[in-house]
K.L.:
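Please see the structure below; I have some questions.
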Amino acid sequence: MVEALTSGHHGVLWLVPLLPFAAAGLLALLPDKRGRLASLVVIGALAGSLVVAACALIGVLHPADGGGVMRSASSFVWFAIGDEPLRIGLLLDPLGAGMGAMVAFVALLILLYSRGYMADDRRFGRFFTFLSLFCGAMLLAVYSNSLLLLFVAWELVGLASYLLIGFYFKKPAAAAAAQKAFITTRIGDMAFFIGMIWLNSRAGTLLFYDGGNGLLESGALASLAGATTFGGITLSAAASLLILIGAMGKSGQVPLHTWLPDAMEGPTPVSALIHAATMVAAGVFLVARTHPIFAVGGEAGIALAATAWIGAITALYASLVAVAQHDIKRILAYSTVSQLGFMMVALGTGGVAAAMLHLVAHALFKALLFLSAGSVIHGCGGEQDIRRMGGLRKAMPLTFATYAVGMMALSGFPFVFSGFWSKEAVFHSAKSWPGGNGPFLLVVLAACLTAFYMTRQALLVFFGTPRDPRIHAHESPLPMTLPLVVLATATMLLSLVGTPAWPWFERWLDGTRAAFDPAALTKPGTTGLIVLSLVIVTAGVTAAWRVYGITAPRDASAPDPLASKTGRLWRVFEHAMSFNALYRKAVIGPLAFIAGGIDALERMVFHRSMANGERILKDVGRSAGRIDESAINPGFDRLCGGIEHQASSTSKSQSGRPQAGLRAIGLATAACIALYLWLSSR
């Protein structure tokens with residue numbers, strides 16, 4: 001079955017990204033007024049992708065014969081540069097199959113939700129066109145067997161995110177957010193591109209698997225590990241660091257994170273799609289896919305160490321900032337940044353399976369949280385400030401129930417929520433890392449803060465009394481609430497495959513079979529981390545309840561209870577530690593100054609020089625014209641007249657009869673002979 005899906009470049013697996021691409025191409029030709037038809041076309045295309053992705057997932061559910069990862073790779077020549085063929089193809093293995101099925105499943109639910117959420121938007125059809133392009137690009141990246149094809153899909157993901165974040169382009173904040181996202185991620189993309197070229201120049205291929213000759217296979221890995229660059233760093237480590245920078249841009253890691261919170265300016269379904277299943281997940285997936293290159297230098301190598309520390313710093317930073325935010329979507333945005341940091345920590349400490357388990361779990365409950373937030377915003381007439389809400393659990397009971405599932409999964413509530421087990425897996429990976437306990441301690445603190453700010457959000461939104469009399473909340477319609485129920489159910493069911501008692505997901509990625517072993521929960525290391533997770537969530541929830549459950553503000557204008565307790569520190573967190581201000585002064589300001597100087601130089605020097613040069617050339621041209629008309633033209637005319645006169649005179653001597661010419665030649669010849677004889681006689 002696996003071979004049938006990927007065999008040749010006509011394999012059925014190509015349909016997974018091709019169907020959304022085809023839908024986007026078709027809808028680009030239709031007017032926006034056909035929005036309902038557009039939504040049905042896109043939903044139908046993605047449903048088809050989900051069916052094929054599910055079949056692909058089923059095909060790799062069992063380990064290969066004799067053990068090992070079930071893997072099938074295909075390739076074909078895309079085009080040739082001289083005598084060098086450039087080959088691309090698709091790859092089906094547990095990593096890609098699980099990721100692809102998750103992306104298609106979550107994206108389909110978000111599309112169904114969007115039919116209700118965006119129903120009144122006049123550009124409804126265009127919105128679904130962009131969503132279809134977004135989904136197709138992400139699915140192509142997931143199944144790529146070539147780093148080049150993955151990069152092409154990677155850039156299409158960036159383009160689609162630009163179009164969707166700036167969907168309300170007439171709103172200045174949305175247009176600025178789209179530009180910021182596009183430019184910031186290009187910084188990482190340029191590093192990724194350089195690393196890709198470097199790898200190709202050394203390994204001679206960009207295919208991941210190619211019958212033993214692929215980039216992720218032993219021969220190429222040994223070659224990359226054996227070559228050194230500046231400072232004695234191996235080529236594999238240097239290329240891995242460049243790939244990491246690319247992943248940092250897409251996955252919003254410090255310091256390339258500033259675009260992600262501003263991406264909230266797009267419609268809420270876009271936020272859910274970006275933060276759950278597509279753009280930000282692409283960076284984590286890239287590191288997971290190329291992890292063999294990162295791991296060549298050992299578990300504590302420079303590339304993995306950088307990944308772990310950057311992830312840990314990002315996780316703690318975003319958690320601190322989320323504590324002081326008031327926009328319901330912005331809190332979730334910083335939560336995404338933090339959770340992506342958790343995934344990077346797992347990848348850096350060698351836990352690819354832990355990172356992917358948390359990625360899949362996060363995709364489900366973060367999509368659930370964003371769509372629940374969209375339901376709250378819809379029910380509150382567009383209000384997003386949690387200080388103006390309150391008591392919504394009575395007016396929106398279904399939204400509250402599904403939001404509570406997502407909130408508890410993200411916070412790490414035991415034991416039926418997938419977030420608890422996926423975070424425990426991250427803790428386990430970080431704790432056993434030979435590079436030190438620094439990342440582990442940072443993510444533990446970040447996890448405690450996560451439970452705190454998510455409980456704070458839930459208390460201010462759904463509990464207490466309404467703080468703004470102008471808000472008359474109501475439950476959202478069925479097209480919006482049904483996807484919430486499905487996602488909430490999936491969030492809890494996923495916990496069955498990620499527990500230490502039955503680590504099916506981890507074993508599946510490794511190509512081995514998992515055995516049900518309840519005794520694994522009582523092992524010293526596992527039990528200690530489970531207890532630690534319980535302590536973390538209990539401490540975070542209790543602290544939030546004491547601050548916001550007991551002393552909750554009574555009206556929207558009241559200051560935050562925590563603001564008076566933290567003083568200036570609150571404002572530091574509220575302004576995201578002033579990263580945007582720092583970039584404006586340290587990067588944007590100097591660049592704007594240089595651009596202004598170049599503009600002034602161009603206007604004052606180059607423009608004037610060009611104007612003077614233009615005048616000189618015009619004067620020279622006019623002078624040349626006068627000389628031409630007054631001297632050259634008359635002289636040339638006289639010369640032509642003389643030649644004409646001479647030609648006319650010569651023509652008169654010609655009769656046009658050959659007999660006369662022959663007679664003259666004969667007379668001249670006779671005269672020459674006579675002269676010769678006379679001279680000879682003397």
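Just so you know, these numbers come straight off a predicted model, no measurement behind them. Scope of the values below: all heavy atoms of this structure, side chains included, with no hydrogens, waters or symmetry mates.
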K.L.:
May I ask you to establish whether R87 and F76 are in a cation-pi arrangement, using a distance under 6.0 Å from NZ or CZ to the six-membered ring centre and at most 45° from the ring axis?
P.N.:
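That pair does not qualify as a cation-pi contact.
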K.L.:
Strictly distance-based, threshold 3.5 Å: is any side-chain N or O of S240 a donor or acceptor partner for the main-chain N or O of A303?
P.N.:
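Not confirmed, S240 side chain does not pair with A303 backbone.
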K.L.:
If you take the centroid of each ring, where Trp contributes its six-membered ring, are F192 and W154 closer together than 6.0 Å?
P.N.:
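Aromatic pair counts; centres sit under 6.0 Å.
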K.L.:
Drop me the distance from I243's CD1 to F193's CZ, to the nearest 0.5 angstrom.
P.N.:
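So the CD1 of I243 and the CZ of F193 are separated by 13.5 Å.
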K.L.:
Can you tell me how far apart CG (L90) and CG (L149) are? Round to the nearest 0.5 Å.
P.N.:
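Spacing of CG (L90) from CG (L149) equals 7.0 Å.
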K.L.:
Using a strict threshold of under 4.0 Å (side-chain N to carboxylate O), is an ion pair present between R186 and E155?
P.N.:
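Yes, E155 and R186 are salt-bridged.
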K.L.:
Assess whether atom NE2 of H291 is packed by more than 12 heavy atoms of other residues, nucleotides or ligands within 6.0 Å.
P.N.:
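Yes, because the 6.0 Å sphere around NE2 of H291 holds more than 12 heavy atoms from other groups.
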K.L.:
How are the rings of F342 and F427 set relative to one another: parallel (under 30°), tilted (30 to 60°) or perpendicular (over 60°)?
P.N.:
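The rings of F342 and F427 sit tilted, inter-plane angle from 30° to 60°.
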K.L.:
Quick one: do L46 and F105 satisfy side-chain contact (heavy atoms from CB on, under 4.5 Å)? Show the steps, please.
P.N.:
CA-CA 9 Å; L46 201 59; F105 174 70; over 6 Å; no
K.L.:
Classify the side-chain pair H257/Y334 by whether it contains a donor and acceptor separated by less than 3.5 Å.
P.N.:
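Y334 and H257 do not have a side-chain donor-acceptor pair below 3.5 Å.
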K.L.:
Look at the side chain of S49 and the backbone N and O of V16, then say whether any donor-acceptor pair between them is shorter than 3.5 Å.
P.N.:
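Side chain of S49 to backbone of V16: a pair is present.
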K.L.:
How long is the straight-line distance from CG of L156 back to CZ of F134, given to the nearest 0.5 Å?
P.N.:
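CG of L156 is found 11.0 Å from CZ of F134.
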K.L.:
Going through the distances and angles, do L164 and F127 end up as a side-chain contact (heavy atoms from CB on, under 4.5 Å)?
P.N.:
CA-CA 7 Å; L164 287 168; F127 178 75; 4.1 Å; yes
K.L.:
Donor-acceptor pair, distance only, cut-off 3.5 Å: does the side chain of K250 make one with the backbone of V284?
P.N.:
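Flag not set: sc K250 to bb V284 has no pair under 3.5 Å.
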K.L.:
Run E424 and T526 through side-chain contact (heavy atoms from CB on, under 4.5 Å) and show every step you take.
P.N.:
CA-CA 9 Å; E424 194 275 336; T526 303; 4.1 Å; yes
K.L.:
Can you classify the ring geometry of W508 versus W504 as parallel (below 30°), tilted (30 to 60°) or perpendicular (above 60°)?
P.N.:
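Parallel, since the angle between the ring planes stays under 30°.
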K.L.:
Side chains of T234 and S236 only: does a donor on one sit below 3.5 Å from an acceptor on the other?
P.N.:
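Result is yes, a qualifying pair exists.
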K.L.:
Using a 3.5 Å distance criterion without hydrogens, assess whether the side chain of E217 forms a donor-acceptor pair with backbone atoms of G212.
P.N.:
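Such a contact is found between E217 side chain and G212 backbone.
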K.L.:
Quick one: do the S335 and K366 side chains pair a donor with an acceptor below 3.5 Å?
P.N.:
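Distance-only check passes for S335 and K366.
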K.L.:
What do the steps show when you test V287 against M344 for side-chain contact (heavy atoms from CB on, under 4.5 Å), and what is the final call?
P.N.:
CA-CA 8 Å; V287 177; M344 287 296 185; 4.2 Å; yes
K.L.:
Please check if any side-chain donor atom of T349 sits under 3.5 Å from a side-chain acceptor atom of S429, or the reverse.
P.N.:
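On atom types as modelled, these side chains qualify, holding a pair under 3.5 Å.
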